[in-house]
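Here is the structure we will look at.
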Amino acid sequence: PQILAQLGATPRGVFQRDATGLLASGDKRETVPTAAEVAAMSIDDIRTGVRDALAHGPIEITVVGDVDVDAVIAAVGSTFGALPARGPAPTPAPGSAARRFPAPATTPVRLTHAGPAEQALGFTAWPTTDQVGDRTTARQLGVLSDVLQLRLNDEIREKQGLAYSPRAGSSSSNVFPGYGYLSVTAEVPPEALPKLFETVDAIAADLRDKPVGADELNRARLPAVERLRRSMADNGYWLTQLSEAQSKPESLEQTRRQIAVLEAVTPADLQRLAQQYLKPSTAWRAEIVSDKAPAQP
């Protein structure tokens with residue numbers, strides 16, 4: 001209850017609480033439970049959901065770092081390898097592998113927070129695609145998101161002063177086919193929400209209509225490549241990248257190609273993606289305003 005109350009006190013908190021469920025069209029796996037739903041849960045419910053997986057589910061082990069490979073094999077063989085044979089991976093329930101982006105609405109979905117009336121947040125998202133099997137398009141969309149971030153900084157923060165830290169993002173599912181989105185989030189005064197949405201639409205239109213310049217592409221792409229190179233020096237990166245090396249061996253080639261894919265992105269690629277995905281007809285919007293703000297007309 002305390003956590004939910006804290007989330008409900010600010011526009012950013014309400015966004016954190018509600019956005020993933022809304023963007024998944026109400027999928028309960030992405031929806032934060034209410035205080036009443038949490039109170040109704042029992043430890044037996046949780047045990048039922050976990051015990052079978054622990055007892056019979058397949059095990060995949062990833063070890064990274066400066067290790068003696070033979071010693072690791074011996075250690076795993078005498079512990080996990082000594083367990084009885086495990087069962088197969090569970091078969092997903094019918095329909096569970098589907099996820100839908102919400103349908104566009106003529107007016108933004110309105111949520112409320114319990115904080116000051118002068119605080120608000122605007123959000124725009126466009127459906128894109130997944131990274132199941134092949135991450136090339138998802139990585140290109142990541143560069144488009146970085147270009148979008150540069151435009152937001154220049155127009156929304158520097159020129160118009162609407163928001164100090166507008167944020168662009170790209171999310172592509174590695175589980176649900178066809179599911180992903182590009183998004184823009186900004187905290188602004190409530191009276192600035194229409195201007196925010198208008199500006200985001202104009203930036204998207206410009207990305208559709210004209211290819212980005214070589215300098216702007218490099219300003220977006222080079223930091224992304226550098227971040228990736230730095231990540232490659234960290235064990236946590238490799239734990240994530242190699243976590244499905246046995247169950248999904250095709251992921252290894254995707255990891256090997258990450259930098260090459262980023263370096264190969266062209267202005268034409270970004271314009272093509274903007275034309276394909278940054279469509280005004282598919283955009284979904286939400287605004288989070290204070291519950292003390294006047295009701296919509």
Side-chain angles (χ1 to χ4, degrees), residues 16 19-20 23-24 27 29-30 32 46-47 49-92 96-97 99 128-143 145-146 149 167-183 220-265:
Q16 179 184 341
T20 54
L23 288 167
D27 190 325
R29 292 168 293 185
E30 293 292 344
V32 175
I46 298 171
R47 286 194 181 106
V50 174
R51 274 179 168 168
D52 190 61
L54 292 178
H56 307 294
I59 298 172
E60 186 159 356
I61 296 171
T62 306
V63 180
V64 302
D66 185 12
V67 297
D68 182 318
V69 174
D70 292 333
V72 169
I73 292 173
V76 172
S78 64
T79 52
F80 289 97
L83 292 172
R86 312 290 287 187
T91 302
S96 65
R99 176 160 291 175
T128 56
T129 191
D130 62 82
Q131 56 176 331
V132 177
D134 189 344
R135 305 172 194 165
T136 301
T137 299
R139 288 170 180 153
Q140 293 172 337
L141 286 167
V143 178
S145 170
D146 289 337
Q149 180 68 62
R167 287 286 178 265
S170 178
S171 176
S172 295
S173 176
N174 60 1
V175 175
F176 300 102
Y179 185 78
Y181 54 89
L182 276 164
S183 63
R221 180 175 54 191
L222 293 179
V225 172
E226 181 57 31
R227 286 194 301 270
L228 182 54
R229 291 189 188 280
R230 287 199 302 268
S231 295
M232 287 179 169
D234 182 79
N235 283 344
Y237 167 85
W238 291 108
L239 276 172
T240 300
Q241 292 295 313
L242 302 178
S243 63
E244 296 180 312
Q246 178 173 294
S247 56
K248 297 180 180 179
E250 66 276 9
S251 66
L252 295 175
E253 182 59 25
Q254 296 295 314
T255 296
R256 293 186 184 102
R257 296 178 57 236
Q258 285 191 97
I259 289 180
V261 168
L262 291 176
E263 292 179 334
V265 173

How long is the straight-line distance from CG of Leu252 back to CD of Gln246, given to the nearest 0.5 Å? 11.0 Å

I'd like to know if the side chain of Ser78 reaches the main chain of Ala74, judged simply by a donor and an acceptor atom lying under 3.5 Å from each other, with no hydrogens or angles considered. yes

I need the Leu242 CG to Ile61 CD1 distance, nearest 0.5 Å. 14.0 Å

With sequence neighbours excluded, what pairs up with Arg99 under the side chain to side chain donor-acceptor pair (under 3.5 Å) test? Asp27, Glu30

If you compare all heavy atoms of Ala97 against all heavy atoms of Pro177, which two are closest, and at what distance to 0.1 Å? O-CD, 3.5 Å

List the atom of Arg221, the atom of Leu262, and the distance in Å for their closest heavy-atom pair. CD-O, 2.8 Å

Calculate, to the nearest 0.5 Å, the distance between atoms OG and CG belonging to Ser183 and Leu23 respectively. 8.0 Å

Between Val64 and Trp238 the two heavy atoms that sit nearest each other are CG1-CB, 3.9 Å

Could you list the residues that satisfy salt bridge (Lys or Arg N to Asp or Glu O under 4.0 Å) with Arg86, not counting sequence neighbours? none

For Arg229, what residues pass the side chain to side chain contact (heavy atoms under 4.5 Å, CB included) criterion, not counting sequence neighbours? Val225, Glu226, Ile259, Glu263

Measuring from atom CD1 of Ile73 to atom CG of Asp68, what distance do you get when rounded to the nearest 0.5 angstrom? 9.0 Å

What residue among Val69, Asp70, Val76 forms side-chain contact (heavy atoms from CB on, under 4.5 Å) with Val72? Val76

For Pro58 against Pro88, the heavy-atom pair lying closest together: CD-O, 3.7 Å

Could you tell me the separation between the CD atom of Gln149 and the OG atom of Ser170, rounded to the nearest 0.5 Å? 12.5 Å

Any side-chain heavy-atom pair of Arg257 and Thr136 under 4.5 Å: yes

Would you indicate whether the side-chain heavy atoms of Met232 and Leu228 approach each other to under 4.5 Å? yes

Please walk me through it: do Gln241 and Thr255 pass side chain to side chain donor-acceptor pair (under 3.5 Å)? CA-CA 7 Å; Gln241 292 295 313; Thr255 296; 2.8 Å; yes

Is there a side-chain contact between Leu141 and Ser172 in this structure, where contact means two heavy atoms from C-beta onward sitting under 4.5 Å apart? yes

For Ala224 against Asp146, the heavy-atom pair lying closest together: CB-OD2, 3.8 Å

Flag, side chain of Thr128 to backbone of Tyr181, donor-acceptor distance under 3.5 Å: yes

Roughly how far, to the nearest 0.5 Å, is the OG atom of Ser247 from the CD atom of Glu60? 3.5 Å

State, yes or no, whether a side-chain contact exists between Ser96 and Arg29 at a heavy-atom distance under 4.5 Å. yes

Determine whether Asp134 and Gln254 make a side-chain contact, defined as any pair of heavy atoms from C-beta on separated by less than 4.5 Å. yes

